[in-house]
Amino acid sequence: MTLAIERSQGSRAASLALRYALRELRGGLRGFYVFIACIALGVMAIAGVGSVAASLSEGLAREAAPCSAATRRSR
């Protein structure tokens, strides 16, 4: 991808986010706070799933080596 295309996509995403924020502000600040809370909750959920997946993967990798070594010795 060229730099110009990446910039236009980033600009488009920022424009979309700004339009959503302004739309939510039309309903007053109470609606905007709910919008921000939903965004924060979504970000926390994604970060939590990523963290759990990483720790699960790391734990399986760490525990799999001794198990496979023990299996090889018993054969």
Connected via hydrophobic side-chain network under 4.5 Å: V34 and Y20: no
Point-to-point distance, once rounded to the nearest 0.5 Å, from CG of L41 to CD1 of I36: 12.5 Å
L60 reachable from V52 in the ILVMFWY side-chain graph, under 4.5 Å edges: no
Listed once per pair and sorted, the salt bridge (charged side-chain N to carboxylate O under 4.0 Å, His left out) pairs that draw on residues 39-59, sequence neighbours left out: E58-R62
Under the salt bridge (Lys or Arg N to Asp or Glu O under 4.0 Å) test, residues paired with R19 that sit two or more places apart: none
Side chain S55, main chain S51, donor-acceptor under 3.5 Å: yes
